[in-house]
Engineer: 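Pasting in a structure now, in structure tokens, and then I'll have a few things to ask.
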Amino acid sequence: LLVWPESAYPFALPRNGTADFDPSRPYRIRRGFESPLIFGAITHDTVARDLPPYNSALLLAGEELIARFDKVFLLVFGEYIPLGESLPWLASLMPPAAGSFRPGEEMVTFPLVHDGSVYRVGPMICYEDILPSFGRELGAMRPHLLVNVTNDAWFGDTAEPWQHMALSVFRAVEVRTDLVRAVNTGVSSIIGADGAVLNETYAVDPDINPRGTDGFVGEVALLEGGNTVYMKVGDLFGWLCAIFTLFLWLVWPRVGRSKPQKSKR
């Protein structure tokens with residue numbers, strides 16, 4: 001399985017497309033490899049062309065585009081403008097780079113055929129791998145592998161790409177399955193189901209060092225996830241701890257003061 005980052009494909013793809021382009025076309029995706037490929041691309045509606053596009057991840061197997069996931073949680077100002085539909089004039093106040101995408105409506109898993117068996121791959125785009133609620137909903141679909149495609153070029157060689165990867169570790173642990181991250185400027189990584197970072201690249205600033213991201217080859221365990229306590233109860237333990245802390249802080253002192261004092265003789 002090959003994994004390319006978010007926005008890796010430089011052309012917008014039609015949402016009704018079902019196959020790769022002819023080898024003679026410059027838009028051809030598969031060149032020089034045969035493995036299944038998960039990659040990020042912009043997809044657009046060929047009928048309602050005036051509607052905003054989607055930020056998507058697609059699975060190319062053989063010559064066919066067999067699965068697509070549209071990013072559900074868009075990045076504020078980067079991918080959508082709050083109240084932009086109700087107040088269109090807000091767009092004139094935003095920087096030219098402020099995107100306008102449509103959010104996806106559902107989570108999906110990609111079918112990956114390996115050694116005659118079909119495994120479920122759970123796709124995530126960009127910051128979706130730092131959202132516990134998103135990971136829990138995706139984990140309920142019992143993925144055998146999590147895949148995140150990300151564009152962190154916004155931040156260059158700063159602490160952000162490393163923080164992003166560190167936060168994604170929790171999704172692998174919560175779902176209890178391996179996580180593969182493909183990030184255009186780094187940090188690409190493989191994270192084990194136990195939270196161990198098994199492989200990683202580096203982070204670069206494309207304005208200072210406009211080099212292509214190095215890739216690496218690694219092995220992952222196709223372990224069916226979603227069978228953890230966290231998947232079943234979510235943040236219940238955290239909420240119980242918060243309630244207990246508030247009880248000790250606000251209620252318990254009042255209980256102690258309200259006890260009747262014994263008279264001394």
Side-chain angles (χ1 to χ4, degrees), residues 1-49 51-72 74 79 99-115 118-126 128-129 143-154 179-190 201 204 206 210-220 222:
L1 173 67
L2 299 177
V3 184
W4 291 352
E6 177 187 14
S7 66
Y9 186 71
F11 307 103
L13 289 171
R15 296 181 62 76
N16 59 354
T18 58
D20 198 358
F21 295 96
D22 186 88
S24 62
R25 301 287 301 279
Y27 310 109
R28 173 83 172 173
I29 302 169
R30 182 184 299 280
R31 292 185 185 276
F33 63 90
E34 299 296 331
S35 301
L37 169 69
I38 293 177
F39 66 100
I42 303 302
T43 60
H44 64 90
D45 195 319
T46 56
V47 178
R49 293 181 175 272
L51 294 178
Y54 291 84
N55 185 358
S56 305
L58 301 101
L59 172 60
L60 175 67
E63 293 292 317
E64 298 182 355
L65 291 167
I66 63 174
R68 185 190 71 244
F69 166 68
D70 302 318
K71 187 178 181 183
V72 176
L74 300 179
E79 294 175 316
S100 177
F101 290 95
R102 297 174 66 186
E105 298 179 354
E106 63 178 349
M107 298 180 187
V108 301
T109 57
F110 290 171
L112 175 65
V113 179
H114 178 66
D115 288 343
V118 180
Y119 297 90
R120 294 179 295 276
V121 177
M124 301 179 287
I125 299 177
C126 198
E128 289 176 334
D129 67 345
H144 296 87
L145 179 68
L146 297 175
V147 169
N148 173 252
V149 295
T150 290
N151 172 14
D152 268 347
W154 310 70
L179 166 61
V180 175
R181 303 183 70 246
V183 188
N184 56 353
T185 55
V187 180
S188 297
S189 57
I190 295 178
T201 60
V204 299
R211 59 178 291 182
T213 302
D214 286 349
F216 56 80
V217 177
E219 294 185 354
V220 296
L222 295 174

Engineer: I need the minimum non-hydrogen distance between Glu128 and Phe69, along with the two atoms involved.
Structural biologist: OE1-CE2, 3.3 Å
Engineer: Could you check if a side-chain atom of Thr43 sits within less than 4.5 angstrom of a side-chain atom of Leu58, using non-hydrogen atoms only?
Structural biologist: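 SC-SC contact between Thr43 and Leu58 confirmed.
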Engineer: With respect to Phe39, which candidate in Val149, Leu59, Leu60, Leu2 satisfies the side-chain contact (heavy atoms from CB on, under 4.5 Å) definition?
Structural biologist: Leu60
Engineer: Identify the heavy atoms of Ala61 and Ile66 that sit nearest to each other, and give their distance.
Structural biologist: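 Looks like CB-CD1, 3.8 Å.
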Engineer: Test of understanding: with side chain to side chain donor-acceptor pair (under 3.5 Å), list the residues that count as partners of Thr46, not counting sequence neighbours.
Structural biologist: Asn16
Engineer: Test of understanding: with ring-ring contact (aromatic ring centres under 6.0 Å, His included), list the residues that count as partners of Tyr27, not counting sequence neighbours.
Structural biologist: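 Here the qualifying residues are Phe11, Phe21.
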Engineer: Taking all non-hydrogen atoms of both residues into account, name the closest pair between His44 and Ala12 and its distance.
Structural biologist: CD2-CB, 3.6 Å
Engineer: Looking at CG of Leu37 and CZ of Arg30, how far apart are the two atoms once the value is rounded to the nearest 0.5 Å?
Structural biologist: 7.0 Å
Engineer: Find the distance between OG (Ser56) and CG (Leu13) and round it off to the nearest 0.5 Å.
Structural biologist: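 Here the rounded value is 8.5 Å.
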Engineer: Flag yes if more than 12 heavy atoms outside Glu63 fall under 6.0 Å of its CD atom; otherwise flag no.
Structural biologist: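 Buried by this count: over 12 neighbours within 6.0 Å.
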Engineer: Holding to ring-ring contact (aromatic ring centres under 6.0 Å, His included), I want the full list of residues that pass it with His144, two or more places apart in sequence or in another chain.
Structural biologist: Tyr119
Engineer: How close do Pro143 and Gly122 get, heavy atom to heavy atom, and via which atoms?
Structural biologist: CB-N, 3.9 Å
Engineer: Any side-chain hydrogen bond (donor to acceptor under 3.5 Å, both in side chains) involving residues 101-113? Give me the pairs, sequence neighbours left out, ordered by first then second residue.
Structural biologist: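 Of all non-adjacent pairs touching residues 101-113, those that pass side-chain hydrogen bond (donor to acceptor under 3.5 Å, both in side chains) are Tyr54-Arg102.
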Engineer: Kindly state each residue pair satisfying salt bridge (charged side-chain N to carboxylate O under 4.0 Å, His left out) with at least one member in residues 5-26, sequence neighbours excluded.
Structural biologist: Arg15-Asp70, Asp20-Arg28
Engineer: If you look at every heavy atom in Trp4 and Ala182, which pair is closest and at what distance?
Structural biologist: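 Trp4 and Ala182 have their closest heavy atoms at C-CB, 3.8 Å.
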Engineer: Rounded at 0.5 Å granularity, tell me how far CD1 in Ile125 sits from CD in Glu79.
Structural biologist: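 Taking CD1 in Ile125 and CD in Glu79, the distance rounds to 8.5 Å.
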Engineer: Please identify each residue that fulfils side chain to side chain donor-acceptor pair (under 3.5 Å) with Asp129, with sequence neighbours left out.
Structural biologist: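 Expected list: His164, Arg181.
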Engineer: How long is the gap from CG on Leu74 to SG on Cys126, to the nearest 0.5 Å?
Structural biologist: 10.0 Å
Engineer: Looking only at heavy atoms, what is the nearest atom pair of Pro53 and Ile42, with distance?
Structural biologist: CB-CG2, 3.6 Å
Engineer: Are side-chain heavy atoms of Val183 and Pro5 found at a separation under 4.5 Å?
Structural biologist: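 Result no, sub-4.5 Å side-chain heavy-atom pair not found.
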Engineer: Is the shortest heavy-atom distance from the side chain of Leu1 to the side chain of Val220 under 4.5 Å?
Structural biologist: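 Answer no - side chains too far apart.
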Engineer: Decide side chain to side chain contact (heavy atoms under 4.5 Å, CB included) for Val118 and Val113; before the verdict, give the C-alpha distance in whole Å, the side-chain angles of both, and the deciding distance to 0.1 Å.
Structural biologist: CA-CA 4 Å; Val118 180; Val113 179; 4.1 Å; yes
Engineer: Quick one about Thr150 and Asp152 (side-chain donor to acceptor, distance below 3.5 Å, no hydrogens or angles considered), yes or no?
Structural biologist: no
Engineer: Could you measure the distance from the CG atom of Asn55 to the CZ atom of Phe101? Nearest 0.5 Å is fine.
Structural biologist: 5.5 Å
Engineer: From Leu222 CG over to Asp115 CG, what is the distance, rounded to the nearest 0.5 angstrom?
Structural biologist: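 Result: 9.0 Å between the selected atoms.
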